[in-house]
Amino acid sequence: MRIASWNINSLRARMGRLLDVLDTRQIDAIALQEIKAKPEQLDLAELEARGYEVAAHGLNQWNGVAIVSRVGLEDVEIGLPDMPEYDGVAEARAITATVGGVRLTSLYIPNGREIDHAHYDYKLEFLDCLTEHGRSLLAKNPSAPIVFAGDFNVAPTDADVWDPSFFEGKTHVTPPERRRIRALEEAGFRDATRDWLDAPGTFTYWDYTSRRFQKKQGMRIDFLFSSPAVHEAATGAMIDTEERAQKGTSDHAPIILDVSL
DNA sequence: ATGGTAGAATGTCTA
């Protein structure tokens, strides 16, 4: 089974790009982030014609997550247990479904904005909530096949950004954010793509501004954090930088994992 | 030509 994750930066603006990625890479299930739409605004005809089912969660023009699968899509859950709110709103940042025997969650972790912004504290709380949830799931069943897929908005090490000095004083690289990624790893989840892709300059996101993709100035902030059962079943991974090179695509590249469960 | 895109409530926030 081939599973993927992609911050698509508007599903309506890029439905054609999604279909192209699904066709070209023969993806069975993909977790999408920043769909930027309510479910009723989406035209799913072309996905359904290809045999894909869709579960989408979006409240307005911001955030929004979805799962698209041609290997079944069951037991959909919105949000996370005890998920933190922002300004009193439970935002559209998590959706979960069982696809091909894997419990897949599509996650759009809050950006954090500035270090002294309330959004940064919200981001840390959200990551704490996710780790607690993962810990709880594995306590119940250590061999559960789980993937936390998405845009984590954290570069776990200095090697995951094109120039650490550029990010001094900025979010995405601070010790508290990085500690939370390590806590998720200590809970039993590993980014399954990193075992296959660890060369310097391996990134998943390149800012539109300053044409950072053309300059190879990216960040590695998208991951497929996998439980041991999935991680041990992984047979390969790729980051679709060919898609990121396309005209009119997202500022993130799709990340792809093959698993033999 | 000092660098500065893209998407969404069409104006300004978000990333």
Side-chain angles (χ1 to χ4, degrees), chain A residues 5-21 30-44 56-66 68 84-95 106-127 149-156 160-163 165-174 177 180-181 203-223 239-241 243-255:
Chain A
S5 181
W6 192 17
N7 180 324
I8 195 167
N9 187 18
S10 173
L11 181 50
R12 283 177 289 172
R14 281 187 252 285
M15 181 61 78
R17 296 277 8 113
L18 175 61
L19 295 169
D20 202 5
V21 168
I30 187 165
L32 299 173
Q33 301 87 40
E34 281 208 271
I35 66 168
K36 292 186 168 179
K38 302 173 193 175
E40 61 267 29
Q41 294 176 297
L42 302 172
D43 178 359
L44 305 175
H57 174 43
L59 302 172
N60 49 39
Q61 72 272 42
W62 295 303
N63 316 309
V65 285
V68 175
E85 298 182 346
Y86 187 71
D87 272 351
V89 176
E91 296 182 315
R93 296 182 177 276
I95 189 168
S106 180
L107 289 157
Y108 180 43
I109 303 297
N111 171 286
R113 302 184 187 168
E114 313 292 333
I115 290 170
D116 58 1
H117 198 288
H119 211 259
Y120 177 80
D121 300 315
Y122 171 49
K123 178 181 195 173
L124 299 181
E125 289 169 22
F126 201 102
L127 287 166
D151 176 0
F152 283 73
N153 272 316
V154 179
D160 298 319
V161 297
W162 56 275
D163 178 5
S165 71
F166 180 85
F167 293 92
E168 281 171 24
K170 295 188 172 79
T171 61
H172 293 58
V173 300
T174 65
E177 291 166 286
R180 280 160 175 86
I181 296 297
F203 302 132
T204 64
Y205 162 83
W206 299 258
D207 201 327
Y208 286 129
T209 62
S210 303
R211 304 180 189 283
R212 299 243 179 253
F213 182 72
Q214 288 79 354
K215 299 176 189 170
K216 303 187 188 303
Q217 296 175 339
M219 306 174 75
R220 189 173 197 166
I221 56 177
D222 301 88
F223 306 105
I239 296 169
D240 193 351
T241 51
E243 171 57 29
R244 183 60 184 82
Q246 297 293 315
K247 218 178 234 325
T249 192
S250 171
D251 42 1
H252 295 251
I255 60 174

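Every chain is numbered from 1 and lettered A, B, ... according to where its sequence line falls, protein lines coming before strand lines.
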Novice: Which part of the nucleic acid, if any, lies within reach of A:Phe213 when heavy atoms closer than 4.0 Å are counted: base, sugar-phosphate only, or nothing?
Specialist: nothing
Novice: Once you round it to whole Å, what is the distance between C1' of B:dT14 and CD of A:Glu34?
Specialist: 8 Å
Novice: With a 4.0 Å limit, can you tell me whether A:Ser10 has a side-chain N or O closer than that to the phosphate oxygens OP1/OP2 of B:dA8?
Specialist: yes
Novice: Does A:Ser250 form a side chain to side chain donor-acceptor pair (under 3.5 Å) with A:Tyr205? I'd like the steps, not just the answer.
Specialist: CA-CA 9 Å; A:Ser250 171; A:Tyr205 162 83; over 6 Å; no
Novice: Taking atom P of B:dT14 as reference, at what distance in whole Å does atom CG of A:Asn63 sit?
Specialist: 10 Å
Novice: Which distance, rounded to the nearest 0.5 Å, do you find between the CZ of A:Arg17 and the CD1 of A:Ile8?
Specialist: 9.5 Å
Novice: Is A:Lys170 close enough and on-axis enough to A:Phe166, meaning under 6.0 Å and within 45°, for cation-pi?
Specialist: yes
Novice: Could you state the CE-P distance from A:Met15 to B:dG7, rounded to the nearest angstrom?
Specialist: 15 Å
Novice: To the side chain of A:Arg211, which of B:dT5, B:dA9, B:dA15 is closest?
Specialist: B:dT5
Novice: Looking only at atom C1', what distance separates B:dG4 and B:dA15, rounded to whole Å?
Specialist: 14 Å
Novice: What is the distance from CG of A:Leu59 to P of B:dT14, rounded to the nearest Å?
Specialist: 16 Å
Novice: If we take the C1' atom in both B:dA9 and B:dT14, what is their distance in whole Å?
Specialist: 13 Å
Novice: The side chain of A:Ala13 is closest to which nucleotide in this list: B:dA15, B:dA8, B:dA9?
Specialist: B:dA8
Novice: Can you tell me if A:Gln41 touches the phosphate of B:dA9, counting only side-chain N or O atoms and a distance under 4.0 Å to OP1 or OP2?
Specialist: yes
Novice: Rounded to the Å, how far apart are A:Gln217 CD and B:dG4 P?
Specialist: 11 Å
Novice: Choose from B:dA6, B:dA15, B:dG4 the nucleotide whose nearest atom is closest to any side-chain atom of A:Tyr208.
Specialist: B:dA6
Novice: Of the options B:dA9, B:dA15, B:dA6, whose atoms approach the side-chain atoms of A:Arg14 most closely?
Specialist: B:dA6
Novice: Between A:Gln61 and A:His119, which residue's closest nucleotide on DNA chain B lies nearer the 5′ terminus?
Specialist: A:Gln61
Novice: To the nearest Å, how far apart are A:Glu91 CD and B:dA15 C1'?
Specialist: 13 Å
Novice: Here's a test of your reading of the structure: between A:Ser210 and A:Asn7, which maps to the more 5' nucleotide of DNA chain B?
Specialist: A:Ser210
Novice: Taking only the side-chain nitrogens and oxygens of A:Arg212, find out if one of them lies under 4.0 Å from OP1 or OP2 of B:dG4.
Specialist: no
Novice: Write down the distance between CD1 (A:Ile8) and P (B:dA6), rounded to a whole number of angstrom.
Specialist: 16 Å
Novice: What distance, rounded to whole Å, do you find between the two C1' atoms, one in B:dA6 and one in B:dT2?
Specialist: 22 Å
Novice: Drop me the distance from A:Asp160's CG to A:His172's NE2, to the nearest 0.5 angstrom.
Specialist: 12.5 Å
Novice: So, is A:Arg113 near the phosphate of B:dT14, with a side-chain N or O under 4.0 Å from OP1 or OP2?
Specialist: yes
Novice: Any cation-pi pair here, A:Arg93 with A:Tyr122, using under 6.0 Å and within 45°?
Specialist: no
Novice: Could you measure between the two C1' atoms, the one in B:dG11 and the one in B:dA1, and give it in whole Å?
Specialist: 28 Å
Novice: Distance check needed: B:dT14 C1' versus A:Asn153 CG, whole Å only.
Specialist: 12 Å
Novice: If I take atom CG from residue A:Asp222 and atom CD1 from residue A:Ile239, how far apart are they, to the nearest 0.5 angstrom?
Specialist: 8.5 Å
